[in-house]
Visitor: 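Attaching a single structure in structure tokens format; questions to follow.
Order of appearance sets the numbers: ligands from 1, and atoms from 1 within every ligand.
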Amino acid sequence: MLEGKTSDEQEVSEEDRFVTIDKKQVEDGYIFCPVCERDIYFYSDYLYGVFSDNLYAYLAAVLVTHYRHNHIRYYDRSWKYGSYAEKNKEYLYMTHEDYKTLVNNRAKRQIIRKIVESEQLDLQAKREMIRGFTHLENNDEKVKEVMNKKLISLEMSQKHCDYCDYPAKYQIILNAKKFLVCGIHKRKKEFKSAQITELKAIIEDKVNLFLGQKEKDI
Ligand SMILES: [Zn+2]
Ligand SMILES: [Zn+2]
């Protein structure tokens with residue numbers, strides 16, 4: 001069942017795993033917010049307890065909470081002030097919990113987009129941070145779609161042709177060896193009878209398998 005995930009993990013050797021996100025720093029309350037583009041101070045005993053086994057899930061939960069209270073005003077105003085709530089149609093026609101879920105999902109999408117855009121995070125950190133969101137509750141279809149798209153484009157951006165600097169488009173299996181090639185190098189003579197697969201399809205399957213697996217866990 002976990003085969004896809006395992007082979008995925010194996011592709012990143014231990015040395016390649018950047019330690020961009022420092023566990024100690026997170027535990028001390030210093031967390032990089034991709035929306036602020038700087039470290040914020042935030043520590044939650046409660047969230048740390050819930051996600052004690054997964055630093056990236058904790059980070060995701062913290063960023064969503066921070067976003068809800070610091071990057072938007074309408075959430076806090078809606079539950080604090082009756083006069084404001086009366087003008088907020090979404091809040092009026094939902095339970096407080098449903099509204100919180102709606103706002104959280106909006107926050108998740110925005111944070112994930114900002115993670116991908118950030119110039120201060122390396123690829124591995126981006127990937128792990130986005131994956132952290134899969135552990136959160138109540139991810140709706142839109143959030144899943146953004147996670148899926150962004151994970152696929154991050155993976156694609158890391159794959160280059162074995163023979164040049166162009167992005168890889170195909171995976172070729174020849175004599176039990178795996179090659180990644182661009183459109184030009186796909187036409188090399190030795191690959192004539194080899195098994196050729198579009199890289200995007202392989203990555204899509206991998207990401208979908210990873211996300212599908214997570215969904216079952218929850
Ligand atoms: Zn922020
Ligand atoms: Zn090439």
Visitor: Could you check whether any side-chain N or O of K126 sits under 3.5 Å from a backbone N or O of V116, counting only pairs where one atom can act as donor and the other as acceptor?
Guide: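 Present.
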Visitor: Check all N, O or S atoms of H71 and name the one closest to the Zn ion (ligand 1).
Guide: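 Looking only at N, O and S atoms of H71, the one nearest the Zn ion (ligand 1) is named NE2.
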Visitor: Identify the residue among F42, Y48, F51, Y46 that makes a ring-ring contact (aromatic ring centres under 6.0 Å, His included) with Y58.
Guide: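 Answer to the ring-ring contact (aromatic ring centres under 6.0 Å, His included) test with Y58 among F42, Y48, F51, Y46: Y48.
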Visitor: At the Zn ion (ligand 2), what angle lies between atom SG of C161 and atom SG of C164, rounded to 10 degrees?
Guide: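 Vertex at the Zn ion (ligand 2): approximately 110°.
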Visitor: Which N, O or S atom name in H185 marks its closest approach to the Zn ion (ligand 2)?
Guide: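 Of all N, O or S atoms belonging to H185, ND1 is the one nearest the Zn ion (ligand 2).
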Visitor: Testing the basics here: between A125 and L121, what is the closest heavy-atom pair and its distance to 0.1 Å?
Guide: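 Where A125 meets L121 most closely, the heavy atoms are CB-CD2, 4.3 Å.
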Visitor: Determine whether the side chains of H160 and D165 contain a donor N or O and an acceptor N or O closer than 3.5 Å.
Guide: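 D165 and H160 do not have a side-chain donor-acceptor pair below 3.5 Å.
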Visitor: What is the name of the N/O/S atom in H66 that sits closest to the Zn ion (ligand 1)?
Guide: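 Considering only N, O and S atoms, H66 comes nearest to the Zn ion (ligand 1) through NE2.
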